[in-house]
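By convention in this document, chain letters (A, B, ...) are assigned in the order of the sequence lines, proteins followed by strands, and residues within each chain are numbered from 1. Just so it is clear, the values below take in all heavy atoms, side chains as well, and ignore hydrogens, waters and symmetry mates.
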There are 2 protein chains.
Amino acid sequence: MASVDMEKRAHADHHASLRLWLRLLSATTRIEDTIRQRLREQFDITLPRFDLMAQLEREPQGLSMSELSRRMMVTGGNVTSIVDQLEKEQLVQRQMQASDRRSYTVSLTDAGRSAFAAMALAHEGWVVELLSPLAASQQEQLHKLLGTLKSGTPTNSKETK
Amino acid sequence: MASVDMEKRAHADHHASLRLWLRLLSATTRIEDTIRQRLREQFDITLPRFDLMAQLEREPQGLSMSELSRRMMVTGGNVTSIVDQLEKEQLVQRQMQASDRRSYTVSLTDAGRSAFAAMALAHEGWVVELLSPLAASQQEQLHKLLGTLKSGTPTNSKETK
DNA sequence: TATTGTTATACTCTATAACTATA
DNA sequence: TATAGTTATAGAGTATAACAATA
(Lines give C-alpha, C1' and ligand atoms only; values in the text may rest on other atoms or scores of the structure.)
Protein backbone atom coordinates (compact mmCIF):
# COMPACT_ATOMS: atom_id res chain seq x y z
CA MET A 1 0.00 0.00 0.00
CA ALA A 2 1.03 3.53 -0.71
CA SER A 3 1.00 4.64 2.91
CA VAL A 4 3.44 1.90 3.82
CA ASP A 5 5.73 2.95 1.01
CA MET A 6 5.55 6.53 2.14
CA GLU A 7 6.52 5.51 5.63
CA LYS A 8 9.46 3.55 4.35
CA ARG A 9 10.47 6.50 2.25
CA ALA A 10 10.21 8.82 5.23
CA HIS A 11 12.42 6.55 7.30
CA ALA A 12 14.94 6.25 4.51
CA ASP A 13 15.01 10.03 4.10
CA HIS A 14 15.48 10.50 7.82
CA HIS A 15 18.46 8.23 7.83
CA ALA A 16 19.82 9.94 4.74
CA SER A 17 19.51 13.31 6.48
CA LEU A 18 21.31 11.99 9.51
CA ARG A 19 24.12 10.55 7.41
CA LEU A 20 24.39 13.83 5.55
CA TRP A 21 24.60 15.74 8.80
CA LEU A 22 27.33 13.50 10.18
CA ARG A 23 29.32 13.89 6.98
CA LEU A 24 28.79 17.65 6.94
CA LEU A 25 29.89 17.90 10.55
CA SER A 26 32.95 15.72 10.17
CA ALA A 27 34.15 17.38 6.95
CA THR A 28 33.79 20.83 8.46
CA THR A 29 35.35 19.87 11.76
CA ARG A 30 38.32 18.28 10.04
CA ILE A 31 39.03 21.42 8.03
CA GLU A 32 38.41 23.70 10.99
CA ASP A 33 40.74 21.72 13.23
CA THR A 34 43.47 21.83 10.62
CA ILE A 35 43.14 25.58 10.24
CA ARG A 36 43.03 26.09 13.98
CA GLN A 37 46.17 24.05 14.47
CA ARG A 38 48.09 25.83 11.71
CA LEU A 39 47.06 29.25 12.98
CA ARG A 40 48.35 28.20 16.37
CA GLU A 41 51.61 26.73 15.11
CA GLN A 42 52.49 29.30 12.49
CA PHE A 43 51.06 32.49 13.95
CA ASP A 44 50.42 31.69 17.60
CA ILE A 45 46.84 32.91 17.32
CA THR A 46 43.47 31.32 18.04
CA LEU A 47 40.51 31.19 15.69
CA PRO A 48 38.33 33.65 17.66
CA ARG A 49 41.19 36.16 17.69
CA PHE A 50 41.71 35.66 13.97
CA ASP A 51 37.99 36.10 13.38
CA LEU A 52 37.88 39.29 15.39
CA MET A 53 40.76 40.71 13.37
CA ALA A 54 38.97 39.65 10.18
CA GLN A 55 35.90 41.61 11.28
CA LEU A 56 38.02 44.69 11.86
CA GLU A 57 39.85 44.31 8.58
CA ARG A 58 36.53 44.58 6.77
CA GLU A 59 35.69 47.78 8.62
CA PRO A 60 38.68 50.12 8.49
CA GLN A 61 36.85 52.76 10.48
CA GLY A 62 36.54 50.31 13.37
CA LEU A 63 33.72 48.75 15.34
CA SER A 64 32.26 49.18 18.79
CA MET A 65 32.53 46.42 21.35
CA SER A 66 28.80 45.73 21.15
CA GLU A 67 28.90 45.53 17.36
CA LEU A 68 31.80 43.06 17.57
CA SER A 69 29.84 41.08 20.12
CA ARG A 70 26.85 40.96 17.80
CA ARG A 71 28.83 39.99 14.74
CA MET A 72 30.85 37.31 16.48
CA MET A 73 27.75 36.07 18.26
CA VAL A 74 29.40 35.92 21.66
CA THR A 75 28.61 37.87 24.80
CA GLY A 76 30.30 41.13 25.64
CA GLY A 77 32.57 39.80 28.35
CA ASN A 78 34.28 37.53 25.89
CA VAL A 79 34.90 40.30 23.41
CA THR A 80 36.49 42.32 26.18
CA SER A 81 38.95 39.56 26.93
CA ILE A 82 39.84 38.89 23.29
CA VAL A 83 40.34 42.59 22.61
CA ASP A 84 42.43 42.85 25.79
CA GLN A 85 44.77 40.17 24.51
CA LEU A 86 45.05 41.64 21.02
CA GLU A 87 45.60 45.10 22.44
CA LYS A 88 48.38 43.81 24.65
CA GLU A 89 50.07 42.50 21.52
CA GLN A 90 49.46 45.88 19.87
CA LEU A 91 47.44 44.37 17.05
CA VAL A 92 44.28 46.37 17.77
CA GLN A 93 43.56 49.65 19.50
CA ARG A 94 40.66 51.09 21.47
CA GLN A 95 39.77 54.69 20.69
CA MET A 96 37.46 56.84 22.77
CA GLN A 97 34.39 58.14 21.04
CA ALA A 98 33.70 61.82 21.51
CA SER A 99 30.00 61.39 20.83
CA ASP A 100 29.33 58.68 23.42
CA ARG A 101 31.89 58.36 26.14
CA ARG A 102 30.62 54.97 27.22
CA SER A 103 31.66 53.47 23.92
CA TYR A 104 34.97 52.61 22.26
CA THR A 105 35.90 52.15 18.66
CA VAL A 106 38.16 49.17 18.13
CA SER A 107 40.33 49.03 15.02
CA LEU A 108 43.43 47.30 13.71
CA THR A 109 46.76 49.00 14.30
CA ASP A 110 49.20 49.22 11.38
CA ALA A 111 51.03 46.27 12.88
CA GLY A 112 47.72 44.45 13.21
CA ARG A 113 46.82 45.15 9.63
CA SER A 114 50.08 43.81 8.26
CA ALA A 115 50.06 40.82 10.62
CA PHE A 116 46.52 40.03 9.51
CA ALA A 117 47.44 40.35 5.82
CA ALA A 118 50.09 37.66 6.23
CA MET A 119 47.75 35.40 8.17
CA ALA A 120 44.87 35.89 5.75
CA LEU A 121 47.09 34.99 2.81
CA ALA A 122 48.22 31.77 4.47
CA HIS A 123 44.67 31.05 5.58
CA GLU A 124 43.33 31.42 2.07
CA GLY A 125 46.01 29.05 0.79
CA TRP A 126 45.05 26.43 3.37
CA VAL A 127 41.38 26.71 2.44
CA VAL A 128 42.19 26.31 -1.25
CA GLU A 129 44.33 23.30 -0.44
CA LEU A 130 41.78 21.66 1.83
CA LEU A 131 38.94 22.16 -0.65
CA SER A 132 41.05 21.10 -3.63
CA PRO A 133 39.58 17.59 -3.87
CA LEU A 134 36.58 19.37 -5.36
CA ALA A 135 36.85 20.88 -8.83
CA ALA A 136 35.80 24.52 -9.25
CA SER A 137 32.43 23.53 -10.68
CA GLN A 138 31.78 21.19 -7.78
CA GLN A 139 32.69 23.91 -5.33
CA GLU A 140 30.20 26.17 -7.01
CA GLN A 141 27.52 23.49 -6.73
CA LEU A 142 28.29 23.02 -3.06
CA HIS A 143 28.15 26.75 -2.50
CA LYS A 144 24.68 26.90 -4.02
CA LEU A 145 23.36 23.99 -2.01
CA LEU A 146 24.65 25.48 1.19
CA GLY A 147 23.03 28.75 0.27
CA THR A 148 19.67 27.03 0.26
CA LEU A 149 20.44 25.61 3.67
CA LYS A 150 21.54 28.92 5.06
CA SER A 151 18.31 30.82 5.01
CA GLY A 152 16.37 28.72 7.48
CA THR A 153 13.26 26.61 7.29
CA PRO A 154 11.03 26.80 4.23
CA THR A 155 7.94 27.62 6.22
CA ASN A 156 9.54 30.33 8.31
CA SER A 157 12.32 31.77 6.26
CA LYS A 158 12.93 35.11 7.86
CA GLU A 159 16.41 36.35 7.09
CA THR A 160 18.04 38.03 10.03
CA LYS A 161 20.57 39.81 7.89
CA MET B 1 47.49 36.83 -22.85
CA ALA B 2 46.61 33.40 -21.60
CA SER B 3 48.86 33.54 -18.55
CA VAL B 4 47.15 36.71 -17.35
CA ASP B 5 43.77 35.08 -17.78
CA MET B 6 44.97 32.09 -15.84
CA GLU B 7 46.13 34.27 -13.03
CA LYS B 8 42.78 36.01 -12.90
CA ARG B 9 41.07 32.67 -12.91
CA ALA B 10 43.28 31.44 -10.06
CA HIS B 11 42.46 34.49 -7.97
CA ALA B 12 38.78 34.16 -8.67
CA ASP B 13 38.89 30.48 -7.71
CA HIS B 14 40.73 31.29 -4.51
CA HIS B 15 38.08 33.74 -3.51
CA ALA B 16 35.38 31.29 -4.44
CA SER B 17 37.00 28.65 -2.23
CA LEU B 18 37.18 31.06 0.65
CA ARG B 19 33.54 32.04 0.26
CA LEU B 20 32.59 28.40 0.09
CA TRP B 21 34.52 27.66 3.25
CA LEU B 22 32.89 30.50 5.16
CA ARG B 23 29.47 29.32 4.07
CA LEU B 24 30.27 25.73 4.95
CA LEU B 25 31.51 26.77 8.36
CA SER B 26 28.60 29.02 9.16
CA ALA B 27 25.95 26.56 8.01
CA THR B 28 27.50 23.76 10.03
CA THR B 29 28.06 25.89 13.10
CA ARG B 30 24.50 27.15 13.04
CA ILE B 31 23.09 23.64 12.97
CA GLU B 32 25.56 22.37 15.56
CA ASP B 33 24.79 25.20 17.95
CA THR B 34 21.07 24.58 17.62
CA ILE B 35 21.51 20.88 18.36
CA ARG B 36 23.83 21.60 21.26
CA GLN B 37 21.36 24.03 22.78
CA ARG B 38 18.39 21.67 22.42
CA LEU B 39 20.32 18.74 23.87
CA ARG B 40 21.14 20.95 26.83
CA GLU B 41 17.63 22.30 27.29
CA GLN B 42 15.65 19.14 26.69
CA PHE B 43 17.99 16.44 27.96
CA ASP B 44 20.54 18.30 30.05
CA ILE B 45 23.39 16.69 28.15
CA THR B 46 26.38 18.02 26.23
CA LEU B 47 27.39 17.05 22.71
CA PRO B 48 30.54 15.12 23.73
CA ARG B 49 28.50 13.07 26.22
CA PHE B 50 25.87 12.41 23.59
CA ASP B 51 28.58 11.40 21.13
CA LEU B 52 30.14 9.02 23.62
CA MET B 53 26.79 7.38 24.22
CA ALA B 54 26.29 7.15 20.46
CA GLN B 55 29.59 5.30 20.15
CA LEU B 56 28.51 2.83 22.81
CA GLU B 57 25.09 2.35 21.29
CA ARG B 58 26.75 1.14 18.10
CA GLU B 59 28.84 -1.38 20.04
CA PRO B 60 26.56 -3.29 22.43
CA GLN B 61 29.47 -5.35 23.71
CA GLY B 62 31.13 -2.17 24.93
CA LEU B 63 34.40 -0.38 24.26
CA SER B 64 37.63 0.14 26.16
CA MET B 65 38.60 3.60 27.33
CA SER B 66 41.45 3.74 24.82
CA GLU B 67 39.16 2.74 21.97
CA LEU B 68 36.69 5.45 22.98
CA SER B 69 39.55 7.91 23.11
CA ARG B 70 40.63 6.93 19.61
CA ARG B 71 37.13 7.11 18.14
CA MET B 72 36.26 10.42 19.72
CA MET B 73 39.65 11.82 18.85
CA VAL B 74 40.31 13.21 22.29
CA THR B 75 42.93 12.29 24.84
CA GLY B 76 42.40 9.68 27.53
CA GLY B 77 41.98 12.04 30.44
CA ASN B 78 38.95 13.60 28.82
CA VAL B 79 37.29 10.26 28.24
CA THR B 80 37.79 9.43 31.89
CA SER B 81 35.98 12.56 32.98
CA ILE B 82 33.10 12.14 30.53
CA VAL B 83 32.65 8.49 31.52
CA ASP B 84 32.83 9.51 35.19
CA GLN B 85 29.93 11.88 34.71
CA LEU B 86 27.83 9.42 32.73
CA GLU B 87 28.56 6.69 35.24
CA LYS B 88 27.46 8.93 38.08
CA GLU B 89 24.16 9.37 36.26
CA GLN B 90 24.03 5.59 35.80
CA LEU B 91 23.88 5.86 32.02
CA VAL B 92 27.05 3.85 31.40
CA GLN B 93 28.96 1.23 33.35
CA ARG B 94 32.57 0.17 33.64
CA GLN B 95 33.17 -3.56 33.71
CA MET B 96 36.45 -5.22 34.65
CA GLN B 97 38.06 -7.35 32.02
CA ALA B 98 39.25 -10.73 33.23
CA SER B 99 41.83 -11.00 30.47
CA ASP B 100 43.59 -7.70 31.16
CA ARG B 101 43.05 -6.20 34.55
CA ARG B 102 44.38 -2.80 33.50
CA SER B 103 41.49 -2.35 31.10
CA TYR B 104 37.77 -1.65 31.44
CA THR B 105 34.90 -2.27 29.13
CA VAL B 106 32.48 0.62 29.05
CA SER B 107 28.91 0.02 27.93
CA LEU B 108 25.46 1.57 28.17
CA THR B 109 23.29 0.56 31.10
CA ASP B 110 19.66 -0.30 30.40
CA ALA B 111 18.76 3.18 31.61
CA GLY B 112 21.45 4.61 29.35
CA ARG B 113 20.16 2.70 26.37
CA SER B 114 16.60 3.90 26.81
CA ALA B 115 17.69 7.46 27.58
CA PHE B 116 19.83 7.43 24.47
CA ALA B 117 17.00 6.06 22.34
CA ALA B 118 14.83 9.02 23.31
CA MET B 119 17.60 11.51 22.67
CA ALA B 120 18.58 9.95 19.36
CA LEU B 121 14.98 10.11 18.15
CA ALA B 122 14.70 13.79 19.01
CA HIS B 123 18.14 14.41 17.55
CA GLU B 124 17.22 12.81 14.25
CA GLY B 125 14.07 14.91 14.09
CA TRP B 126 16.06 18.10 14.61
CA VAL B 127 18.50 17.13 11.88
CA VAL B 128 15.65 16.40 9.48
CA GLU B 129 14.09 19.73 10.35
CA LEU B 130 17.30 21.73 10.03
CA LEU B 131 18.18 20.15 6.68
CA SER B 132 14.63 20.42 5.37
CA PRO B 133 15.29 23.47 3.18
CA LEU B 134 17.01 20.98 0.89
CA ALA B 135 14.93 18.47 -1.02
CA ALA B 136 15.93 14.81 -0.79
CA SER B 137 17.69 14.91 -4.13
CA GLN B 138 19.65 17.98 -3.12
CA GLN B 139 20.65 16.31 0.12
CA GLU B 140 21.91 13.38 -1.87
CA GLN B 141 23.93 15.69 -4.08
CA LEU B 142 25.41 17.41 -1.06
CA HIS B 143 26.25 14.05 0.48
CA LYS B 144 28.17 13.05 -2.64
CA LEU B 145 30.07 16.31 -2.86
CA LEU B 146 31.08 16.08 0.77
CA GLY B 147 32.20 12.52 0.20
CA THR B 148 34.71 13.76 -2.33
CA LEU B 149 35.90 16.29 0.19
CA LYS B 150 36.11 13.84 3.01
CA SER B 151 38.75 11.47 1.86
CA GLY B 152 41.52 13.91 1.09
CA THR B 153 43.25 14.53 -2.22
CA PRO B 154 41.54 13.79 -5.53
CA THR B 155 44.22 11.29 -6.46
CA ASN B 156 43.54 9.21 -3.38
CA SER B 157 39.81 8.92 -2.99
CA LYS B 158 39.45 5.93 -0.70
CA GLU B 159 36.23 5.71 1.30
CA THR B 160 36.88 4.99 4.96
CA LYS B 161 33.64 3.33 6.07
C1' DT C 1 15.91 54.10 33.44
C1' DA C 2 18.49 52.12 29.67
C1' DT C 3 22.83 51.21 27.49
C1' DT C 4 28.02 50.38 26.95
C1' DG C 5 31.51 48.04 28.47
C1' DT C 6 34.13 45.66 32.35
C1' DT C 7 34.79 42.47 35.99
C1' DA C 8 34.07 38.28 38.52
C1' DT C 9 32.72 33.71 38.50
C1' DA C 10 31.78 29.21 36.91
C1' DC C 11 31.52 25.47 33.68
C1' DT C 12 32.90 22.49 29.74
C1' DC C 13 36.14 20.84 26.79
C1' DT C 14 40.68 20.29 25.67
C1' DA C 15 45.81 18.91 26.07
C1' DT C 16 49.98 17.64 28.66
C1' DA C 17 52.34 15.24 31.96
C1' DA C 18 53.06 12.66 36.13
C1' DC C 19 51.38 8.70 38.29
C1' DT C 20 49.54 3.71 39.50
C1' DA C 21 48.68 -0.81 38.37
C1' DT C 22 49.24 -4.42 35.37
C1' DA C 23 51.30 -6.80 31.37
C1' DT D 1 59.82 -1.59 29.58
C1' DA D 2 55.35 -0.79 27.65
C1' DT D 3 50.42 -0.14 28.09
C1' DA D 4 45.63 1.12 30.24
C1' DG D 5 43.68 4.21 32.70
C1' DT D 6 43.53 8.05 36.28
C1' DT D 7 44.70 12.32 38.33
C1' DA D 8 46.29 17.01 38.44
C1' DT D 9 46.89 21.11 36.20
C1' DA D 10 46.40 24.68 32.91
C1' DG D 11 44.34 27.26 29.20
C1' DA D 12 40.72 28.68 25.92
C1' DG D 13 36.12 29.74 25.09
C1' DT D 14 31.68 30.31 26.64
C1' DA D 15 27.62 32.28 29.52
C1' DT D 16 25.58 34.77 33.43
C1' DA D 17 25.25 38.35 36.49
C1' DA D 18 26.71 42.26 39.16
C1' DC D 19 28.79 46.61 38.49
C1' DA D 20 30.42 51.54 36.95
C1' DA D 21 30.00 55.21 33.91
C1' DT D 22 27.36 57.61 30.79
C1' DA D 23 23.20 58.71 28.09
inquiry  = I'd like to know if the side chain of A:Thr105 pairs up with that of A:Gln97 as donor and acceptor (distance under 3.5 Å, no hydrogens or angles considered).
reply    = yes
inquiry  = Would the distance check show the side chain of A:Glu57 and the main-chain N or O of A:Phe116 forming a donor-acceptor pair, the cut-off being under 3.5 Å?
reply    = no
message = Looking at B:Ser103, I'd like to know whether one of its side-chain N or O atoms comes within less than 4.0 Å of OP1 or OP2 on D:dG5.
response = yes
ask   = D:dA15 P sits how many Å from B:Gln37 CD, rounded?
value = 10 Å
query = Between B:Leu63 (CG) and D:dG5 (C1'), how many Å, whole number?
reply = 15 Å
query = Quick one: B:Leu68 CG to D:dA4 P, roughly how many Å, whole number?
reply = 13 Å
message = Is the shortest side-chain heavy-atom distance between A:Ile35 and A:Phe50 below 4.5 Å?
response = no
query = OP1 or OP2 of C:dC13 sitting under 4.0 Å from any side-chain N/O of B:Arg49?
reply = yes
message = Under a 3.5 Å threshold, yes or no: a donor from one side chain and an acceptor from the other, between B:Gln37 and B:Glu41?
response = yes
ask   = By a strict heavy-atom criterion of less than 4.0 Å, which residues belonging to residues 79-101 of chain B are in contact with DNA chain D?
value = B:Thr80, B:Arg94
ask   = Picking from C:dA15, D:dT16, D:dA23, which would you name as closest to the side chain of B:Val74?
value = C:dA15
task = Remember a base hit wins even if backbone is also touched, and classify B:Arg36 as base, sugar-phosphate or nothing at under 4.0 Å, heavy atoms.
result = nothing
remark   = Whole-Å distance, A:Asp44 CG to D:dA12 C1', equals 13 Å
request  = Could you tell me whether B:Gln90 atom CD has more than 12 heavy atoms of other residues or ligands within 6.0 Å of it?
outcome  = no
Protein-nucleotide distance (A:Leu47, atom CG; D:dG13, atom C1'), rounded to Å = 11 Å
query = If you pin B:Met73 and A:Gly76 to their nearest nucleotides in DNA chain C, which one's is more 5'?
reply = A:Gly76
message = Measuring to OP1 and OP2 of C:dT12, would you say a side-chain N or O of B:Thr46 lies under 4.0 angstrom away?
response = no
query = If we ignore angles and hydrogens, is there a donor and acceptor under 3.5 Å between the side chains of B:Asn78 and B:Thr75?
reply = yes
inquiry  = Expressed as a whole number of angstroms, how long is the span from A:Glu41:CD to C:dA15:C1'?
reply    = 14 Å
ask   = Whole Å only: how far is the CG atom of B:Leu52 from the C1' atom of C:dT14?
value = 15 Å
message = Return whichever of A:Pro48 or A:Gly77 has its heavy-atom-nearest nucleotide of DNA chain D closer to the 5' end.
response = A:Pro48
task = Tell me, yes or no, whether the heavy-atom count around A:Glu129 atom CD, taken from other residues, nucleotides or ligands under 6.0 Å, exceeds 12.
result = yes
inquiry  = Distance check needed: D:dA15 P versus B:Arg40 CZ, whole Å only.
reply    = 13 Å
ask   = Considering only C:dG5, D:dA2, D:dT16, which nucleotide approaches the side chain of A:Tyr104 most closely?
value = C:dG5
